[in-house]
Every structure is written in structure tokens, then in C-alpha cells.
Amino acid sequence: MDDPYIEMREGVYRIRGSRVSLDSIVIFWHQGETPEELQEDFPTLTLAQVYGAIAYYLDHKEQIDQYLAENKAQAQAQRAAAEAANPEWYAKMRQRMAEARKRLETETTPQSAP
């Protein structure tokens, strides 16, 4: 691969010379973030690197979309295996998260005047 903005290291597409993955840029860009917002999110990158990453994605869309889908499937399989190996811990964590959400809702919901 000979691209000025993207390199493949250890099986991961990265912004050349950084630890930022192409996945990160593409996913946030798909969620509607502008290149300028992405550069703010990843201050180690230049705006040119962000635009270069988006351009690389657009030039290799089918290949990168397949790569992203494979990574997502692999992550889901790993998560399922981890949960199957320790279901009690995951149930406890889900319960704690639900309680924390409920507390946060209660704390941020405006109270009506008496």
C-alpha cells in the first residue's frame, strides 16, 4: 500500500504516522461529523490527514466497508464469548448501569415546584 495518508499496520488501517485508526474517522464521519470536528476530536491529526483519510475511504469504499463489517462481526463474537464465559459478571454490570442511568435521570429531571 502506497498512500500518503493511510497505512496498514498489524492488520489495522491507520492514519499514516499516527495511532488513529481509519475506522475511527470513518465511523464518526458516517455519524455526521465534519472533517473540522474530526480534527478537533483527534488533535494529533492535521486537517489534511482527516481529509486524506476520508478521500482514501471514498476511493476504497467497498474494501473498507467489508473490512469494517468483518471487524464489527469479530468484536460481536468476542463480546458474546466473553459474556458466555462470565454471565453473572455481565448481568451484574448491566444492573449497575441501569441503576446509574436511573440515578442520573432523577438528578437531571427538573423537579416541579410545590
Side-chain angles (χ1 to χ4, degrees):
M1 166 187 292
D2 188 30
D3 184 87
Y5 294 106
I6 302 299
E7 63 186 353
M8 175 68 87
R9 274 196 333 260
E10 300 172 0
V12 177
Y13 288 97
R14 297 205 183 273
I15 311 306
R16 187 170 296 282
S18 81
R19 296 180 63 196
V20 178
S21 70
L22 178 61
D23 307 35
S24 301
I25 300 299
V26 171
I27 290 167
F28 287 121
W29 184 65
H30 276 174
Q31 292 174 354
E33 287 204 26
T34 66
E36 291 76 13
E37 290 169 329
L38 288 165
Q39 196 276 320
E40 288 178 17
D41 293 342
F42 299 95
T44 61
L45 300 179
T46 66
L47 190 55
Q49 287 174 304
V50 174
Y51 273 102
I54 294 168
Y56 182 88
Y57 167 70
L58 292 172
D59 284 344
H60 301 88
K61 189 173 183 328
E62 187 175 310
Q63 174 187 347
I64 300 303
D65 284 346
Q66 180 179 348
Y67 165 81
L68 294 173
E70 289 169 1
N71 284 352
K72 184 176 181 178
Q74 183 180 19
Q76 289 172 336
Q78 288 172 340
R79 193 173 307 119
E83 187 166 348
N86 198 347
E88 298 84 15
W89 185 85
Y90 281 88
K92 181 179 173 183
M93 289 300 109
R94 275 193 291 281
Q95 179 63 34
R96 289 178 70 183
M97 290 299 292
E99 291 168 1
R101 272 192 226 86
K102 188 174 182 178
R103 275 194 311 275
L104 185 60
E105 259 181 33
T106 303
E107 292 170 4
T108 58
T109 302
Q111 302 295 322
S112 58

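What you are looking at is a predicted structure, and each value in this text was computed from that prediction instead of being measured.
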Legend entry - Spatial distance of atom CD (Gln39) from atom CG (Leu47) [nearest 0.5 Å]: 6.0 Å
Legend entry - Min side-chain heavy-atom separation Arg79-Gln76 under 4.5 Å: yes
Inset, instruction - Decide yes or no for Val50 and Phe42: does some side-chain heavy atom of the first lie under 4.5 Å from some side-chain heavy atom of the second? - result: no
Legend entry - side-chain hydrogen bond (donor to acceptor under 3.5 Å, both in side chains) partners of residues 96-105, not counting sequence neighbours, each pair once: Gln95-Glu99
Legend entry - Heavy-atom side-chain contact between Lys72 and Leu68 under 4.5 Å: no
Legend entry - ring-ring contact (aromatic ring centres under 6.0 Å, His included) against Tyr67, all qualifying residues, sequence neighbours excluded: Tyr13
Legend entry - Cluster overlap Val12 with Trp29, hydrophobic side-chain contacts below 4.5 Å: yes
Inset, instruction - Could you tell me which residues satisfy side-chain hydrogen bond (donor to acceptor under 3.5 Å, both in side chains) with Arg16, sequence neighbours excluded, listed by chain and number? - result: Glu7
Legend entry - By salt bridge (Lys or Arg N to Asp or Glu O under 4.0 Å) - contacts of Asp65 (at least two apart): Lys61
Legend entry - Check against side chain to side chain donor-acceptor pair (under 3.5 Å), Glu62 and Gln66: CA-CA 6 Å; Glu62 187 175 310; Gln66 180 179 348; over 6 Å; no
Legend entry - Non-neighbouring partners of Glu40 that pass side-chain hydrogen bond (donor to acceptor under 3.5 Å, both in side chains), sequence neighbours left out: none
Inset, instruction - Can you see which heavy atom on Arg9 is nearest to which on Arg14, and at what distance? - result: NH2-CD, 2.9 Å
Legend entry - Considering all heavy atoms, the nearest Ala53-Leu22 contact: O-CD1, 3.6 Å
Inset, instruction - Taking all non-hydrogen atoms of both residues into account, name the closest pair between Ser18 and Leu45 and its distance. - result: OG-CD2, 3.7 Å
Inset, instruction - Provide the closest heavy-atom pair for Tyr5 versus Asp3 in the form atom of the first, atom of the second, distance. - result: N-OD2, 2.7 Å
Legend entry - Joint hydrophobic cluster, Ile27 plus Ile64, side-chain heavy atoms closer than 4.5 Å: no
Inset, instruction - Determine whether Ile25 and Tyr56 make a side-chain contact, defined as any pair of heavy atoms from C-beta on separated by less than 4.5 Å. - result: no
Legend entry - Tyr51 side chain reached by Glu36 side chain, heavy atoms, under 4.5 Å: yes
Inset, instruction - Name all pairs fulfilling the salt bridge (charged side-chain N to carboxylate O under 4.0 Å, His left out) condition that reach into residues 84-95, sequence neighbours left out, sorted by first residue then second. - result: Glu83-Arg94
Legend entry - Pro35 to Ile54 - nearest heavy-atom pair and separation: CG-CD1, 3.8 Å
